[in-house]
Structures are given as structure tokens and as C-alpha cells.
Amino acid sequence: MRNPASEPNPGSESSNGGSASELRVFVRKKRGRKTIETQETKYEAEPLDQKLRGPPEIEEFGYKQVNGSFQSSNTSFANVPTGEPPPNWEKVLEGIRKMRSTEDAPVDTMGCEKAGNSLPPKERRFAVLVSSLLSSQTKDNVTHGAIQRLLQNGLLAADTIDKADEATIKGLIYPVGFYTRKAANMKKIANICLMKYDGDIPSSLEELLLLPGIGPKMAHLVMNVGWNNVQGICVDTHVHRICNRLGWVSKSCTKQKTSTPEETREALQLWLPKEEWVPINPLLVGFGQTVCTPLRPNCGMCSVSDFCPSAFREISRSPSKSKRSSLSKKL
DNA sequence: TTCCCGTAGG
DNA sequence: CCTACAGGAA
């Protein structure tokens with residue numbers, strides 16, 4: 001198929017939010033099959049320092065349409081997908097886009113990227129980093145509120161956070177999920193940014209991953225949104241789950257499902273055209289919140305169930321699978 | 001009570 | 001692999 005070009009682009013997002021939101025679509029039946037094959041690949045984050053210095057104009061992201069109207073000369077390095085794309089993936093993607101355009105999922109409200117989009121580049125990047133950190137396991141409105149309070153108190157920059165009291169940070173970000181640990185991580189991150197990056201945030205994936213509380217999911221999000229430099233796909237639990245249900249990813253040379261988001265990311269990057277790397281996250285997150293839910297997915301209202309190997313097959317409910325910890329003990 | 005779900009740490 | 005972390009929701 002056609003090779004992806006590369007490009008930076010706005011938006012993507014993550015977090016989860018969790019308010020309700022319905023989405024009614026059409027109905028279909030089931031059936032589907034799969035065949036995939038992945039190979040292993042590495043693909044390493046490139047230097048990227050080269051071109052970014054000054055952030056492109058990213059502002060408004062709203063991933064909504066991501067009219068990649070501008071494509072950077074993001075030299076096509078070796079990152080192009082090399083694996084065999086799963087059958088019908090384009091139809092499936094289009095079908096999901098249609099379902100997603102009908103109603104809004106919680107993710108549509110998005111909060112973390114817009115944080116500080118009116119700030120100067122450096123401050124904006126720092127805000128993106130902090131927003132990402134706070135957003136995990138936290139509803140968007142809660143994250144947004146925390147960011148607002150930090151901003152109002154002048155605590156959305158490395159130097160001020162570094163000087164601030166951890167208890168103060170904790171109080172301001174409450175009630176985001178894991179606020180105690182996040183407050184501590186914010187202090188550490190602020191100090192690192194101040195000491196090593198002149199108050200800016202790290203500009204490479206590797207360096208972002210060294211920050212406490214920043215793992216692969218957030219690091220890719222920050223590269224995408226903060227630096228407008230797409231090094232990889234931001235794979236969260238929704239992307240991980242849905243790609244496996246669709247048969248879009250598998251362990252190298254086998255048909256087994258991938259077992260971790262990182263494994264999913266590598267498998268997905270083998271074939272998904274790069275222009276989809278950023279939009280795939282908000283697309284599948286929203287789809288995962290409304291239709292392809294973790295348990296009891298609404299296959300009946302999914303327009304692409306015809307192409308999904310897992311459609312109508314998730315019986316779940318039975319404790320036979322994993323989850324033996326408390327169960328086996330009790331039984 | 002169990003699940004949600006990203007990261008750290010055992 | 002497993003559990004802690006916070007707290008909301010099923």
C-alpha cells in the first residue's frame with residue numbers, strides 16, 4: 001500500500017475522562033477473521049533536536065480533523081511501516097471515524113493539550129508535560145481544574161514548582177488521581193527540567209522517559225503534542241485492547257495477541273501509515289469509551305463488527321480467565 | 001466488591 | 001508476573 005509520509009501534526013490526546021456519552025450507530029452482525037503478521041522492528045527515536053528549537057505552530061490541535069495541511073520535511077527516516085497491513089484496515093478505520101463523528105465521547109473534550117496553549121513555547125511545553133502527567137486516571141475536567149489552579153498560582157513552570165512546597169502542589173492538584181505521587185513527581189520533574197534543560201522539557205523520547213512518572217504512553221504523547229515530533233504511537237489501554245480485538249497486532253511471527261501496550265505499539269507501527277500515528281489515539285480512545293468498551297463491548301452497535309474477529313465473542317463475566325489472586329484464595 | 005488503567009517497583 | 005496508588009462507577 002502506500003507509504004506514509006511523515007508529518008507532525010497536532011493533537012492526539014489521551015487521558016480518559018469517563019463521563020457517559022452515548023453513541024448510537026447502526027447495527028450489523030458479526031464474523032470476521034484475521035491474519036496478521038508482524039516482524040520485529042526497532043526504530044529508534046531520532047535526534048530531533050535538529051529541527052525543533054522553535055516549536056512549529058501547533059496551538060489549536062483539536063485532533064478533530066487533523067487536516068495535515070502542512071507536512072514538515074520530516075525526512076522519512078527508517079520508521080516507515082514494513083509489516084503487512086491487516087485486511088480491510090482502511091474500511092475499519094473509516095467505519096470507526098464515522099461512528100466517532102456521530103457523537104462525542106468523553107475524550108472529545110480533551111484537556112491536556114490545550115493547557116497553556118496561549119503560553120510562550122517553553123511554558124506551553126512544560127504545561128503539556130504537566131498536563132499529561134496529571135491526566136492519567138483522571139477525568140478531563142478534573143485535570144483542567146488542577147491546571148487552572150496551578151496556573152493561577154504561578155505554579156506551572158519549572159522554576160516556581162521547584163521552589164514550591166510539595167504540600168502546596170498536592171493541594172492544588174487534588175483531586176486528580178494519584179495526587180500524592182504526582183505532586184512528588186512534579187517536584188522532581190521541575191527540578192530536573194530546571195537543572196538539565198534550562199526550565200524546558202526534554203526534547204527526546206529517551207530523556208522524557210527518564211522523568212519520574214513518565215512512561216511510554218505519556219512520553220509519546222508529549223513528543224506528539226509538546227514537540228510536534230512524532231516518534232511513535234501513543235498507545236494506551238484502549239488502543240491496546242482494540243487493536244488486539246481487531247486483529248491489528250500480534251506477537252512477532254505468531255497470531256497471539258500482544259500482551260502489553262508497548263508490544264502493541266511496536267506491532268502497530270510496523271504497518272500503520274505514519275499519518276495515522278497521532279489521530280489513531282483519540283479515535284480509538286473515544287471508540288473504546290463508547291462502543292468497544294473493555295467489558296461487554298457493544299458489538300451490536302458497531303458498524304465494523306463484520307470485520308472484527310472478536311465481534312460478539314467476548315462473553316467474559318466468567319472468572320475463569322485471569323484474576324486468580326483473590327478468587328483462587330477464596331475458593 | 002470489582003473494574004477502571006499508567007507508572008513504579010517488587 | 002504481581003501490587004500500590006485514588007477514588008469514581010458498574
Side-chain angles (χ1 to χ4, degrees), chain A residues 12-22 105-107 109 111-112 128-143 145-146 166 169-189 192 202 205-225 232-245 251 256-265 281-282 284-298 314-331:
Chain A
S12 150
E13 136 327 328
S14 83
S15 72
N16 51 33
S19 19
S21 114
E22 49 284 323
V107 66
T109 64
C112 77
V128 167
L129 178 60
V130 173
S131 298
S132 300
L133 180 72
L134 299 185
S135 69
S136 70
Q137 278 82 46
T138 306
K139 300 202 192 305
D140 284 338
N141 59 322
V142 173
T143 302
E166 187 174 313
I169 304 292
K170 184 174 169 180
L172 288 173
I173 65 175
Y174 181 89
V176 302
F178 310 138
Y179 55 87
T180 303
R181 184 168 288 172
K182 285 175 181 176
N185 285 338
M186 273 180 65
K187 287 281 296 177
K188 291 176 188 165
I189 286 174
I192 293 170
L205 196 64
E206 291 77 7
E207 291 171 293
L208 284 169
L209 288 169
L210 291 177
L211 301 177
I214 299 297
K217 194 259 185 186
M218 294 310 174
H220 282 291
L221 178 67
V222 172
M223 285 305 291
N224 293 346
V225 179
I233 298 170
C234 176
V235 175
D236 62 14
T237 188
H238 296 285
V239 176
H240 175 57
R241 177 184 69 255
I242 295 168
C243 285
N244 274 289
R245 282 180 177 167
K251 284 187 189 293
Q256 291 181 302
K257 294 164 65 168
T258 55
S259 46
T260 66
E262 269 296 89
E263 205 175 352
T264 296
R265 184 181 61 74
N281 180 283
L284 295 190
V285 170
F287 179 56
Q289 289 171 330
T290 56
V291 179
C292 200
T293 50
L295 52 81
R296 292 194 242 277
N298 303 298
E314 224 144 300
I315 319 92
S316 73
R317 199 59 282 144
S318 87
S320 55
K321 274 229 149 92
S322 48
K323 237 352 26 121
R324 41 58 122 352
S325 55
S326 60
L327 205 64
S328 59
K329 284 173 190 163
K330 288 174 184 173
L331 299 182

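Note that the coordinates shown come from a computational prediction; the quantities given were computed from them, not determined experimentally. Hydrogens, waters and symmetry mates are skipped; everything else that's a heavy atom, side chains included, is used.
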Checking T258(A) against N244(A): is there a side-chain donor and acceptor pair closer than 3.5 Å? yes

Taken to the nearest whole Å, CZ/R296(A) to P/dT2(B) is 15 Å

Taking dG6(B), dG8(C), dG7(C) as options, the one with an atom nearest any side-chain atom of K139(A) is dG8(C)

Sorted by chain and number, sequence neighbours left out, side chain to side chain donor-acceptor pair (under 3.5 Å) with R245(A) holds for E314(A)

Just so I know, are the side chains of T237(A) and P261(A) near enough to count as touching, which here means a heavy-atom distance under 4.5 Å?
no

Of dG7(C), dT7(B), dC4(B), the nucleotide closest to the side chain of P294(A) is dC4(B)

Rounded to whole Å, the NZ-P distance (K188(A) to dT7(B)) equals 16 Å

Taking side chain as C-beta onward, heavy atoms only, is P212(A) less than 4.5 Å from I192(A)?
yes

query = Is any side-chain N or O of T180(A) closer than 4.0 Å to OP1 or OP2 of dC5(C)?
reply = no

To the nearest angstrom, the CD1-P distance between I242(A) and dC4(B) comes to 13 Å

H240(A) NE2 to dG6(B) P, in whole Å, measures 10 Å

Ranking dT7(B), dC4(B), dA6(C) by distance to the side chain of Q137(A), first place goes to dA6(C)

Q289(A) atom CD is separated from dC4(B) atom C1', nearest whole Å, by 12 Å

Rounded to the nearest 0.5 angstrom, the CG-OG1 distance for D236(A) and T264(A) is 10.5 Å

| Are Y179(A) and dG7(C) close enough that a side-chain N or O sits under 4.0 Å from OP1 or OP2? | yes

Which atom pairs link the protein and nucleotides 8-10 of chain B when you take only N or O atoms and keep those under 3.5 Å?
from: dA8(B); atom 1: OP1; to: G213(A); atom 2: N; distance (Å): 2.8

In short, K170(A) meets T180(A) closest at the heavy-atom pair CE-OG1, 3.4 Å

Atom NZ of K217(A) and atom P of dC4(B) are separated, to the nearest Å, by 16 Å

Against the side chain of L295(A), the closest entry in dG6(B), dC3(B), dG7(C) is dC3(B)

Taken to the nearest 0.5 Å, the spacing of M218(A) CE from S131(A) OG works out to 10.5 Å

Margin query: Taking the P atom in each of dT7(B) and dG8(C), what is the distance between them to the nearest angstrom?
Written below: 22 Å

In whole angstroms, the gap separating C1' of dT7(B) from CG of L208(A) amounts to 15 Å

Taken to the nearest whole Å, CZ/F178(A) to C1'/dA4(C) is 8 Å

